[in-house]
Amino acid sequence: MDLLIELDSDPAVMRYLSGGDPTAPEVVRERYMPNILAGYEKWGGKLGLFAAHEKGGGAFIGWFHLRPEPEGPLDEAELGYRLRQTAWGKGYATEGSRALLAKAFTELGVRMVWAATMSVNHGSRNIMRKLEMTLAATVPTPSDMEMVEGSEHGGVRYEITKEQWEQQ
């Protein structure tokens, strides 16, 4: 839990999520952790949030998630990640995302994976393009993110289907 609190305390990591404001430790403890654990139980550990560690030294670098909407169909899953600054630019986001796409489409019976980010988050958008995800829609900025730099430009949703993934 301390690693999640530390990750969410970095203003650069939180730039496109909260405008750089840290997530309060009690929010991580009382809301995020119970939701993460409930997801493991609900989906039998196959979907949810997964810690990411460097292969070499085993250092925690962040997390990835692959999960359906709370009441959504199990064959549609959201892909997401949050990585420490020290892990940026090293290919981890692409590598971890590719591994989860493979798992989704070959082991879990997922039909479509989607990911969303702010329009101005060019780093995440570049990763979605590297994954050969297709820009599917523009989305309005959620009200709790209106203070974030670039929020006036809204967000974007990228998607990839199992058929598109198989053709890569």
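Worth knowing before you read on, the calculation uses all heavy atoms, side chains too, and leaves out hydrogens, waters and symmetry mates. Just so we're clear, the structure is a prediction, and the values are computed from it rather than from any experiment.
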Exercise for review: Measure the shortest side-chain to side-chain distance between Val156 and Thr117 over non-hydrogen atoms and say whether it is less than 4.5 angstrom.
Suggested key: yes

Practice item. Indicate if Phe50 and Leu4 have the same hydrophobic cluster label, given that clusters are the connected sets of ILVMFWY residues with side-chain heavy-atom separations under 4.5 angstrom. Key: yes

Point to revise | Any donor-acceptor pair under 3.5 Å from Glu41 side chain to Ala38 backbone | key: no

Point to revise | Test item: Leu66 and Leu108 side chains (from C-beta on) under 4.5 Å apart, heavy atoms | key: yes

Revision key, fill the gap. Between the NZ atom in Lys42 and the CG atom in Asn35, the distance rounded to the nearest 0.5 Å is 10.5 Å

Check your understanding: What do you reckon, is CG of Asp144 surrounded by more than 12 foreign heavy atoms closer than 6.0 Å?
Key -> yes

Review point. Is any side-chain N of the basic residue among Lys55 and Glu95 closer than 4.0 Å to the acidic one's carboxylate O?
Key: yes

Practice item. Could you check if a side-chain atom of Val27 sits within less than 4.5 angstrom of a side-chain atom of Tyr32, using non-hydrogen atoms only? Key: yes

Point to revise | Pro22 backbone acceptor or donor facing Ser9 side chain under 3.5 Å | key: no

Review point. Do Val120 and Met133 share a hydrophobic cluster, counting only Ile, Leu, Val, Met, Phe, Trp and Tyr and linking them when any side-chain heavy atoms are less than 4.5 Å apart?
Key: no

Check your understanding: If Ile, Leu, Val, Met, Phe, Trp and Tyr residues are connected whenever their side-chain heavy atoms lie under 4.5 Å apart, and connections chain through other members, are Leu37 and Leu47 in the same group?
Key -> yes

Check your understanding: Quick one: CZ on Arg157 to OG1 on Thr134, what's the gap to the nearest 0.5 Å?
Key -> 12.0 Å

Review point. To the nearest 0.5 Å, what is the distance between OG1 (Thr141) and CD (Glu152)?
Key: 8.0 Å

Review point. Is Lys162 salt-bridged to Asp75, cutoff N-O under 4.0 Å?
Key: no

Review point. Should the ring pair His53 and Phe60 be called parallel, tilted or perpendicular, given that the plane angle runs from 0 to 90° and is split at 30 and 60?
Key: perpendicular

Review point. Under 4.5 Å between any side-chain heavy atoms of Ile160 and Phe105, yes or no?
Key: yes

**Study point:** Any Val13 side-chain heavy atom under 4.5 Å of Arg82 side chain
**Key:** yes

Exercise for review: Check Leu131 against Ser97 and note the closest heavy-atom contact, atom names and distance.
Suggested key: CD1-CB, 3.5 Å

Check your understanding: Are side-chain heavy atoms of Glu76 and Arg111 found at a separation under 4.5 Å?
Key -> yes

Check your understanding: Would you say the side-chain atoms of Tyr81 and Ser124 include a donor-acceptor pair closer than 3.5 Å?
Key -> yes

Review point. Counting distance only, does the side-chain N/O of Ser151 pair as donor-acceptor with the main-chain N or O of Met147 below 3.5 Å?
Key: no

Exercise for review: Kindly work out whether a path of hydrophobic side-chain contacts (I/L/V/M/F/W/Y, heavy atoms less than 4.5 Å apart) joins Tyr16 to Trp114.
Suggested key: no

Check your understanding: Side chain of Ser119, backbone of Gly154: donor and acceptor closer than 3.5 Å?
Key -> yes

Check your understanding: Backbone N or O of Met112 within a donor-acceptor pair of the Gln164 side chain at under 3.5 Å?
Key -> no

Check your understanding: Is it the case that one hydrophobic cluster holds both Leu79 and Tyr40, taking links as side-chain heavy atoms less than 4.5 Å apart, direct or via other members?
Key -> yes

Point to revise | Any Arg84 side-chain heavy atom under 4.5 Å of Tyr92 side chain | key: no

Practice item. May I ask you to decide whether Lys130 forms a salt bridge with Glu132, counting only side-chain N to carboxylate O separations under 4.0 Å? Key: no

**Study point:** Met14 side, atom CE; Leu17 side, atom CG - distance, nearest 0.5 Å
**Key:** 5.0 Å

Practice item. Drop me the distance from Leu83's CG to Asp10's CG, to the nearest 0.5 angstrom. Key: 11.5 Å

Revision key, fill the gap. For Leu7 and Gly62 the tightest heavy-atom approach is CD2-CA, 4.1 Å

**Study point:** Side chain to side chain, Met145 and Met118, heavy atoms closer than 4.5 Å
**Key:** yes

Check your understanding: Nearest heavy-atom pair of Pro34 and Arg29: which atoms, and what distance?
Key -> CD-O, 3.3 Å

Check your understanding: What are the two closest non-hydrogen atoms of Pro73 and Pro68, and how far apart are they?
Key -> O-CB, 3.5 Å

Point to revise | Gap separating the CG atom of Leu49 from the CE atom of Met33, nearest 0.5 angstrom | key: 9.0 Å

